[in-house]
Amino acid sequence: MKNNYPPDFTYPDFARQFTAELFQPNNWADLFKNAGAQYVVLTSKHHEGFTNWPSNVSWNWNSMDVGPHRDLVGELASSIRTRTKLKFGVYHSLFEWFNPQYVKDKASNFKSKSFVNSKTMPELYELVNKYKPDIVWSDGDFGPDVYWNSTEFLAWLYNNSPVKDHVVTNDRWGTGIRCHHGGFYSCSDRYSPGVLQPHKWENCMTIDRYSWGYRRNANIQDFLTIEEIIATFASTISCGGNMLMNVGPTKYGMIAPVFQDRLMEFGSWLKVNGEAVYFSTPWRAQNDSVTPKIWYTQKSLAVYAFVLAWPSDNMLELGSPVVTSSSTVSMLGWNGPSIEWHQKSVQTNKGIIIALPNVPAVKLPCKWAWVLKLENFT
């Protein structure tokens, strides 16, 4: 700060530099749709308290009064709903780093509720009534749930709000609530348990390994590769989770090309392999018992094996599937000769050996993570 800003520069002065002059919500909506997403969650307010909509309780500290002079939440909600079938959600931080009312409430050991009653809860009601989000993604829940009046808000949300019949929430509604109560569990940032969970959950992760925002000083190696993203995704959905993939836009309202590239790569992969993803459920085995980097999902009578690493000899052993008399093996997107395979053990019918297509990589249905469809296996 001393090297780059005037001596009297304060944090609120950053708001004027947040201009969003290149923000085109239609382009964002099209990008998310082409990425294969099913829902999008916009940060309506982060921990500094700046609201990306003209909030009635955030005077001169919102995107209409200062900076962009635009209703960013409303514009993106409109574009998502008119151009896509995606569900629209809002992220909202309960607490604020610098708000003197919150600091005072915290100092009282959360016995006073000045901040909750005058700022953060009015914001939440305002967001729901004005933008009617499909998802309310709460965060910044540092303080007991009784301080935040969380149960009162959630009771209204699920019983009397304009989105009561379809809204979904996460689990960040007070200290100690995460991973115990909520519509879906988010537990911790980048939560990836690697085993099947008894409750619906979400892996909220970042493409930038080190930041949730945009970093001018980021190097290319700081971003997850598409192979790493797909590996995280396969592990997540095999264990019953959804994946919420974070990108950090610039202050001028653009999604940086490296983020666009990863989203478009992921979308191209989903166009081939979406059958194994959308409306799938976890199988009895999440990963293979013999070969590493294999994850499973299932749908109807089919089991899908996500092959994250191609074997050097084109021969793949799967230890978890059990053969029946009508079992078949195919590869999603593959239009070449039938996939040859045989069972490993005639005595137990457990385990199969698959001969993957011995063709140049350019002739395979996708560049990364191939999906085998196993029909009529147990």
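The structure displayed is predicted, hence computed values, not measured ones. One-based numbering along the sequence shown.
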Side-chain donor/acceptor of [X] to backbone N/O of [Y], under 3.5 Å:
X: Ser238; Y: Thr297; result: no
X: Asn129; Y: Tyr125; result: yes
X: Trp61; Y: Glu48; result: yes
X: Thr324; Y: Phe377; result: no
X: Asn219; Y: Gln221; result: no

> Passes side chain to side chain contact (heavy atoms under 4.5 Å, CB included), Leu318 versus Tyr296? Steps please.
Replying inline: CA-CA 11 Å; Leu318 298 180; Tyr296 293 105; 3.7 Å; yes
> Just wondering, are more than 12 heavy atoms of other shown residues or ligands nearer than 6.0 Å to NE2 in His180?
Replying inline: no
Measuring only between side-chain heavy atoms, which start at C-beta, is [X] closer than 4.5 Å to [Y]?
X: Ile352; Y: Ile354; result: yes
X: Trp341; Y: Val323; result: yes
X: Thr51; Y: Glu123; result: yes

>> Evaluate Tyr91 against His46 for ring-ring contact (aromatic ring centres under 6.0 Å, His included), listing each step before the verdict.
In response: CA-CA 8 Å; Tyr91 165 107; His46 202 248; 5.7 Å; yes
>> Lys45 vs Asp139, test: salt bridge (Lys or Arg N to Asp or Glu O under 4.0 Å). Steps then yes/no.
In response: CA-CA 10 Å; Lys45 185 194 81 168; Asp139 195 20; over 6 Å; no
For the rings on [X] and [Y], is their centre-to-centre separation under 6.0 Å?
X: Phe98; Y: His47; value: no
X: Phe142; Y: Trp173; value: no
X: Tyr5; Y: Phe14; value: yes
X: Trp148; Y: Phe110; value: no

> Checking salt bridge (Lys or Arg N to Asp or Glu O under 4.0 Å) for the pair Arg178/Asp141: CA distance, chi angles, key distance, verdict?
Replying inline: CA-CA 9 Å; Arg178 297 185 188 192; Asp141 54 333; 3.0 Å; yes
> Stepwise, does the ring-ring contact (aromatic ring centres under 6.0 Å, His included) test hold for Tyr214 with Phe259?
Replying inline: CA-CA 10 Å; Tyr214 171 75; Phe259 291 128; 7.4 Å; no
>> Going by the rule ring-ring contact (aromatic ring centres under 6.0 Å, His included), which residues pair with Phe88 if we only count those two or more places apart in sequence or in a different chain?
In response: none
>> If only side-chain N and O atoms count, and only distance matters, is there a donor-acceptor pair under 3.5 Å linking Tyr252 with Gln17?
In response: no
